[in-house]
Amino acid sequence: MDNTEMVSKNFIEQIIDKDLEEGKYDTICTRFPPEPNGYLHIGHAKSILLNYGLSQEYNGQFNLRFDDTNPTKEKTEFVDSIKADVAWLGADWKDHLYFASDYFDQMYEGAVKLIKKGKAFVCDLTAEEIRAYRGTLTEPGKESPYRNRSIEENLDLFERMKNGEFPDGSKVLRAKIDMASPNINMRDPVIYRVARFHHHNTGDKWCIYPMYDFAHPIEDAIEGVTHSICTLEFEDHRPLYDWVVRELEYVHPPKQIEFAKLYLTNVITGKRYIKKLVEENIVDGWDDPRLVSIAALRRRGFTPESIQMFVKLCGVSKANSSVDYAMLEYCIREDLKMKRPRMMAVLDPIKLVIDNYPEDQTEILDVANNLENEEMGSRKVPFGRELYIEREDFMEVPPRKYFRLFPGNEVRLMHAYFVKCTGFEKDENGNVTVVHATYDPETKAGSGFNGRKVKGTIHWVPAKEAVSAEVRLYENLVDEEKGVYNEDGSLNLNPNSRTILKDCKLEPSFGDAKPYDSYQFVRSGYYCVDAKDSRPDALVFNRIVSMKSSFKLPKPE
Ligand code: ATP
Ligand code: MG
C-alpha cells in the first residue's frame, strides 16, 4: 500500500488495516445495531453507511441486528420501518439479519459462567442503595454486603431469579470487578435485572433481562463481529466491554471503536427528540417532510445517493462537531442536477395574454428535458395565446435592475418567443389579474432571436393545458437565528416551517407524475411528488430544496 492511500484513510480504516496486518482477524464483520424504539434518522444513516461501507471496502460481512433487549419501548412497527430504511439507503445485510433477543439463552449461560468463575454475584440492594454505594468521580464506591456470597448461593439465587421467584426490582446480578475503579462503569455494574415484561420476540419466557453493557459485547461476539463501531458516549464503557469478552473467553473477541455522532446545526436529530415532536403533534408523524428521519427525507425527495454523498463529505472523526444543513442540500442538488428533467411550474400564477397571437392556435414546442444531459431527451410543451407566469415576474412599477415584465419592457419566454408587455388589468382591490403582451414571431427559440437581445427570461405554462397541483414549501422546524431552544427550554418553533400553495400550474407533462418522482422546477428548485397525499388527479409536491445557495464545499483538510 502506498503512502498517499494511507493518509486519506480514516482512523477506523487505519485500525482495521493494522488488525488485518497483524493477523488479529482474517476478515472483518461490522454491524448496525438499532434499538427498535423509533424511526431512524440522518445520524443513523451515518452509522449504517459507515459500517456497511467498511464491510464492502474490506470484502467482509455486514449484519443488521436489532438490539431488542429492553422490551419496554420496543415495537414491531419500528422493526419494519428500520428494515425499510436500511435497505433504501443501500446497505444490504443479505441473510445477516439478527435479533439480540435470540441470544437470551447464551447471555444467561454467560452470566452463569461468570458466577462460576466468582466474577458475578446476586445483590439485594435496592436501586437507590446501589446508586449510593457507587461513589462519585472523585470518591471510590463501597462494596455491597452481598458481594461475598458463595458461588453456590449465587447460582441458586440467579436460577431462582430466572424462575420468577422474586419480585421485579428485588434482586440483580452484578459483575464483580472493582468498586475502587476510577471508571464508574467498572464498579460492579448490574448485568441482569428482574423485570416482568412481555417481549415482542420471546413473549413471557423471560422475567430477567440483561443490561446493555453486558448484552452488547455478547451479541457482537456470537455473531463474529470484529469491529464494533459505536458513538463516543460509549468510550467509558469500553473497559467493561473488554472485560465481558475476556471473562467469557471468546476466542476472537470483537473490538469496540468509537466515533463522533453526526449533528446538524439547529436541526432536531436525536430519536427521542423527534419522537417528542411526533407525539406532541408538532409534526404530522415520523415521515413529516420537515424532519430528518430517513422516512421523512425519503418522502421529501432525498435520494440514497445524496445521503451517501453527504455522509462521505462529513467524514469520520473522534471529535464532536455539527454540520450545516446546507451541506445536505448541496448534496441533493448535486445528485439531481443531471438526473432530473427541468420543467416549468408556476407556483403563484397570474395570466399572461398575448394579444397578437391567434386565438385558436396552439404550437407544440419540443423542449430539451435537461440541457446539460442530452440523453434525457425532450418533451412536448404546447404554447398558445393564454399562459400563466409567476406573479413576481411582473411589476407595475419596477425597481432598478428589474429585468422581467413591466409595461413597455420585453422579455424572453423560455423555450418560446420574446414578448413585450403592453398593459395589465386589475380587480376592484387593485390586484393585477391579467398581464397583456404582444409577441414577436421572428424570435422563436432556436431561431437566433433574429439577432435581438433582452435582459430577462421568464418561464410560463400554457393556461388551457396546465395541470393544477398543490405545492408544499418547507423551512427549518426551528428558527435558525435563535437556535433550537428558547431560554426557558421550550422549542423555538418556526411558524413558517410549512407553506402550502394550493393552485399552482404545471406544464402538462407533469400529468404522469408518480409518487417519489422528482423534478427541477426551473428557476425555483427541486420538487418531489408526495407519496402519501398526492393523487393522479390532485398532485401534491414537496419542495426538496430551492435552487439558491450560498453554500461552499468545505476545503479538504
Ligand atoms: P439517538 O441518540 O438518536 O436516541 P440511539 O443511539 O439511541 O439514537 P440506537 O438505535 O441505539 O439509537 O442506535 C443505533 C446505532 O446508531 C448506534 O450504534 C448509535 O451509536 C448510532 N447512532 C445514533 N445516533 C447517531 C448519530 N447522530 N450519528 C452517528 N451514529 C449514530
Ligand atoms: Mg439508544
Side-chain angles (χ1 to χ4, degrees), residues 10-12 29-55 62-75 77-86 89 91 93 97-101 200 211-213 215-217 219-220 223 225 227-238 241 254-279 286 291-297 307-308 310-323 325 327-328 484:
N10 66 46
F11 77 97
I12 298 179
C29 177
T30 58
R31 87 288 173 262
F32 175 65
E35 199 184 330
N37 63 355
Y39 279 60
L40 300 180
H41 53 66
I42 185 82
H44 294 116
K46 175 163 185 174
S47 175
I48 293 164
L49 294 171
L50 171 63
N51 280 292
Y52 176 70
L54 289 168
S55 77
F62 169 74
N63 298 355
L64 173 59
R65 178 210 313 147
F66 286 95
D67 205 336
D68 56 352
T69 54
N70 178 10
T72 47
K73 296 180 225 147
E74 295 162 359
K75 279 204 229 158
E77 174 201 350
F78 298 135
V79 170
D80 296 338
S81 76
I82 290 171
K83 277 160 74 175
D85 290 347
V86 175
L89 279 172
W93 61 83
L97 174 66
Y98 303 111
F99 289 84
S101 56
H200 76 99
M211 304 303 286
Y212 179 89
D213 281 340
H216 206 84
E219 295 158 24
D220 287 337
E223 289 174 14
V225 167
H227 298 85
S228 176
I229 300 167
C230 63
T231 41
L232 279 185
E233 71 271 25
F234 290 102
E235 198 163 20
D236 291 343
H237 297 240
R238 194 191 329 136
Y241 185 101
K255 177 184 230 169
Q256 175 180 307
I257 304 172
E258 310 85 19
F259 73 103
K261 272 194 173 178
L262 169 66
Y263 294 101
L264 289 172
T265 313
N266 289 338
V267 175
I268 298 166
T269 19
K271 187 157 50 183
R272 96 196 68 137
Y273 303 101
I274 294 181
K275 192 175 212 154
K276 204 159 168 255
L277 294 174
V278 173
E279 283 168 357
W286 285 97
L291 294 173
V292 290
S293 63
I294 308 286
L297 291 168
I307 294 172
Q308 290 158 6
F310 175 69
V311 164
K312 206 174 239 164
L313 281 175
C314 290
V316 186
S317 123
K318 270 268 187 199
N320 276 322
S321 66
S322 174
V323 179
Y325 184 81
M327 191 153 105
L328 188 57
V484 178

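Start at 1 and go down the list; that is how both ligands and their atoms are numbered. Quantities reported herein were computed from a predicted structural model and do not represent experimental measurements.
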Can you check whether F99 reaches V79 side chain to side chain, under 4.5 Å on heavy atoms?
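A side-chain contact exists here, since the closest heavy-atom pair is under 4.5 Å.
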Do L89 and F32 have side chains that get closer than 4.5 Å, going by heavy atoms?
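Side chain of L89 against side chain of F32, heavy atoms only: no contact under 4.5 Å found.
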Do [X] and [Y] sit within salt-bridge range, that is, some charged N less than 4.0 Å from a carboxylate O?
X	Y	result
K318	E235	yes
E35	K271	no
R238	E258	yes

Measure from [atom] to every heavy atom in [options] and give the option owning the shortest one.
atom	options	result
atom 20 (O) of ligand 1	T231, I82, N37	T231
atom 6 (O) of ligand 1	K261, E35, H41	K261
atom 14 (C) of ligand 1	P34, A45, C314	P34

Examine ligand 1 and decide if any of its atoms is less than 4.0 Å from a heavy atom belonging to F32.
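Right, F32 reaches ligand 1.
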Do any N/O atoms on [X] end up under 3.5 angstrom from N/O atoms on ligand 1?
X	value
K46	no
P33	no
T269	no

Proximal ligand 1 atoms for G270, defined as those under 4.0 Å from one of its heavy atoms:
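Answer, ordered by atom number: 3 (O).
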Using the benzene-type ring in the case of Trp, are the ring centres of Y212 and F234 under 6.0 Å apart?
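Ring centres of F234 and Y212 closer than 6.0 Å.
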